[in-house]
J.: 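The structure is given below, and queries will be raised subsequently.
Quick caveat, the model's predicted, so the values are computed rather than measured. Residue numbers begin at 1 in each chain, while the letters A, B, ... track the order of the sequences. No hydrogens, no waters, no symmetry mates; every other heavy atom, side chains included, goes into these values.
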Number of protein chains: 2
Amino acid sequence: MGQSRNRRPTIIDVAERAGVSKSTAARALAGSSNITEETRERVVKAAEAVGYERNHLAVGMRSGRSGMLGLVIPDITNPFWADVARGAQDRAARAGASLLVFSSDWDPEAEAAHLRTLRRARVDGAIVNPVSDSFDDLDRFGLPCLFIGSSAERFPDISSVGSDIAQAVRLGLDHLVAKGHRAPALILGPKSRLARARFLRAVHEHCVERDIDPAIMPIEDGEYTVEGGREAMKRLLDQPRVGHLAVFAANDMMALGAMMAVRDAGLDCPRDVSVLGFDGIPSGEFAWPGLTTVAKPGRAIGERAVEGLFDEIEHKPEHRRIYMPCRLLERGSLADLSSMAPKRAAGAGRN
Amino acid sequence: MGQSRNRRPTIIDVAERAGVSKSTAARALAGSSNITEETRERVVKAAEAVGYERNHLAVGMRSGRSGMLGLVIPDITNPFWADVARGAQDRAARAGASLLVFSSDWDPEAEAAHLRTLRRARVDGAIVNPVSDSFDDLDRFGLPCLFIGSSAERFPDISSVGSDIAQAVRLGLDHLVAKGHRAPALILGPKSRLARARFLRAVHEHCVERDIDPAIMPIEDGEYTVEGGREAMKRLLDQPRVGHLAVFAANDMMALGAMMAVRDAGLDCPRDVSVLGFDGIPSGEFAWPGLTTVAKPGRAIGERAVEGLFDEIEHKPEHRRIYMPCRLLERGSLADLSSMAPKRAAGAGRN
DNA sequence: CTGAAAGCGCTAACAC
DNA sequence: GTGTTAGCGCTTTCAG
């Protein structure tokens with residue numbers, strides 16, 4: 001039966017079977033033009049007959065293109081990053097490329113190790129959510145590369161794809177205004193985080209447009225976690241206030257924590273307190289009430305990132321920064337004060 | 001400066017710099033024994049100096065081992081599978097291997113396409129949650145391979161790793177009994193699903209041990225989705241019943257849907273209805289009340305699967321079936337009837 | 001202990 | 001149009 005049981009058929013097996021040279025076989029399989037239709041057919045049949053499958057290792061070696069891309073994200077277990085990975089995966093597959101996925105756990109060393117692995121694997125390029133602050137580990141990457149997520153801003157020379165924070169904040173704030181909450185309290189991430197500054201800047205821009213004094217919005221900080229949000233909300237509730245309280249949290253986890261704090265305090269969301277989140281994680285859907293939130297387009301970001309990476313690989317184009325629009329997911333954590341403003345007396349105007 | 005800017009250094013660059021032949025350089029770098037300590041040092045230094053990084057494509061070609069593994073799961077966006085992927089990733093990385101991740105969306109054609117891609121990429125083996133019913137697409141895989149998840153049972157010849165459904169069901173049922181619910185209603189998946197049969201068999205075993213007539217447990221079917229669970233619970237609530245109702249859902253999504261149906265009916269969980277889930281998805285934590293559930297060890301399954309796959313690749317060992325233990329996540333969706341059984345009169349005994 | 005040479009599977013020049 | 005040849009970067013005999 002020709003080839004032995006343990007050996008995968010090579011192009012030589014195909015060539016022999018078709019009675020041509022291996023280069024002719026290769027040409028036929030590659031769809032090259034300088035080939036008799038009849039020969040091509042014979043080769044294709046032979047390939048099928050022996051069960052030939054192109055060896056991408058060999059192709060990659062010869063052509064310098066492995067057909068693989070790397071993806072380094074903080075944690076595939078995080079729903080946002082899973083979404084990104086899914087988008088990247090699908091887009092890559094559509095182009096016949098495969099994705100090597102790694103989780104860095106926000107650890108610069110792990111990130112560096114993964115990048116090294118990707119380099120050795122000879123991926124054609126990589127998409128990275130940069131953790132490392134120093135450019136050192138990253139610029140030495142020496143491969144086409146595109147950054148993703150808010151931390152990408154730190155690196156002026158590298159193209160990036162991310163969500164449009166300014167648009168997202170405006171979307172959320174506009175929605176709050178429409179519901180009768182003009183100046184919500186803010187629950188933000190740690191001061192050290194770049195995302196926090198961008199979020200706050202967008203809030204200020206909105207305030208200028210709407211002629212609101214940003215200073216009247218209470219702000220609490222916390223870690224980007226449920227516990228962080230819970231504690232921040234607790235502090236917010238301890239402050240004196242009149243009427244309904246509306247809160248815009250910079251992250252769904254924090255928003256979920258905030259809702260817990262509301263319950264802890266014996267209050268009701270959305271009756272006493274309105275909460276707006278930011279991210280769009282699935283858990284928000286099953287909270288009670290459902291968490292209204294501004295959803296980041298994780299999947300689209302992943303897809304767009306792969307496209308951008310391909311550009312980077314092929315044309316080495318001008319550096320680009322792409323922001324994908326977010327959208328509002330209305331569920332139930334926001335009270336509608338707009339129609340009953342008169343009834344709410346003092347509180348309604350202020351909040 | 002020797003090598004051009006655009007070329008990655010090869011072992012020849014290292015050899016030249018160290019003043020040895022490329023074979024000696026290779027041996028030194030591979031940690032072979034037949035090398036003078038002094039030579040080795042010189043080579044290693046040279047490698048560092050030129051920034052040498054082994055080309056895994058070339059290594060793979062020569063050695064027949066690419067150092068890559070494939071993972072084909074239904075959807076990386078699903079928290080359970082993300083967990084599995086994370087475990088696999090970490091375990092693979094620890095062994096110096098990389099993971100090619102694909103989502104099949106429960107589509108046999110997509111699965112087949114991904115397997116083909118993996119074969120062409122010359123992965124050393126693959127971990128698959130088989131979707132395809134027919135053995136055809138799969139047995140031709142022709143590579144070391146290990147199945148994962150409950151559908152793996154369909155393939156008697158292939159090793160598999162999954163969660164221990166029997167143990168999980170027992171755990172859940174024992175917990176229900178401890179809380180005073182002897183014969184809960186069951187919300188199960190579609191009759192066509194293998195997992196359903198296994199779940200039900202485990203329930204029956206438990207009943208035999210506890211001397212309970214399984215026939216007294218109401219059963220409703222549904223798709224493994226929120227909507228499926230919601231409708232199933234609705235039907236359950238429409239049935240006549242006495243006292244408290246306890247439900248064991250075969251999947252957290254369904255359990256979450258069931259909790260919604262309880263709310264829809266104007267009832268309260270856990271006061272009127274107790275719900276126990278199965279999976280351990282994060283969303284259950286943020287539902288209100290938190291969903292008590294039996295959690296599958298996704299991460300551990302992923303890790304164990306990679307280990308099993310390595311065995312498969314190396315020793316081609318006897319076929320194995322491995323079941324990983326689940327654990328109970330107690331949150332708040334279960335009423336404790338055990339202490340107040342007398343107060344509850346008729347209902348307590350039955351449920 | 002080290003060097004020379006062969007070859008993994010493929011593609012791209014270069015002949016004919 | 002098709003065959004011949006070289007070589008991608010590496011490891012592994014086989015000599016010395």
J.: Is Glu48(A) salt-bridged to Lys45(A), cutoff N-O under 4.0 Å?
T.: no

J.: Can you measure Leu29(A) atom CG to dC10(C) atom P for me and round it to whole angstrom units?
T.: 9 Å

J.: Should Lys296(B) and Asp83(B) count as an ion pair when the cut-off is N to O under 4.0 Å?
T.: no

J.: One thing to verify: whether Glu307(A) and Arg91(A) come together as a salt bridge, which I'm taking to mean a side-chain N less than 4.0 angstrom from a carboxylate O.
T.: yes

J.: Measure the distance from CZ on Arg120(B) to C1' on dG9(C) and round it to the nearest whole Å.
T.: 16 Å

J.: If you measure from CD on Glu312(A) to CG on Leu143(A), what distance do you get to the nearest 0.5 Å?
T.: 11.5 Å

J.: How does protein contact run along nucleotides 10-15 of chain D, one letter per nucleotide 5' to 3', with B for base contact, S for sugar-phosphate only, - for none, heavy atoms under 4.0 Å?
T.: BBBB--

J.: Nearest whole angstrom, please: distance from the C1' of dG9(D) to the CZ of Arg119(A).
T.: 18 Å

J.: Begin with the C-alpha distance, continue with both residues' side-chain angles, and end with the deciding distance and a verdict on side-chain contact (heavy atoms from CB on, under 4.5 Å) for Arg86(A) and Asp105(B).
T.: CA-CA 11 Å; Arg86(A) 183 62 207 266; Asp105(B) 273 323; 2.5 Å; yes

J.: Can you measure Arg42(A) atom CZ to dG3(D) atom C1' for me and round it to whole angstrom units?
T.: 14 Å

J.: Measuring from Arg122(B):CZ to Met68(B):CE, what's the distance to the nearest 0.5 Å?
T.: 10.5 Å

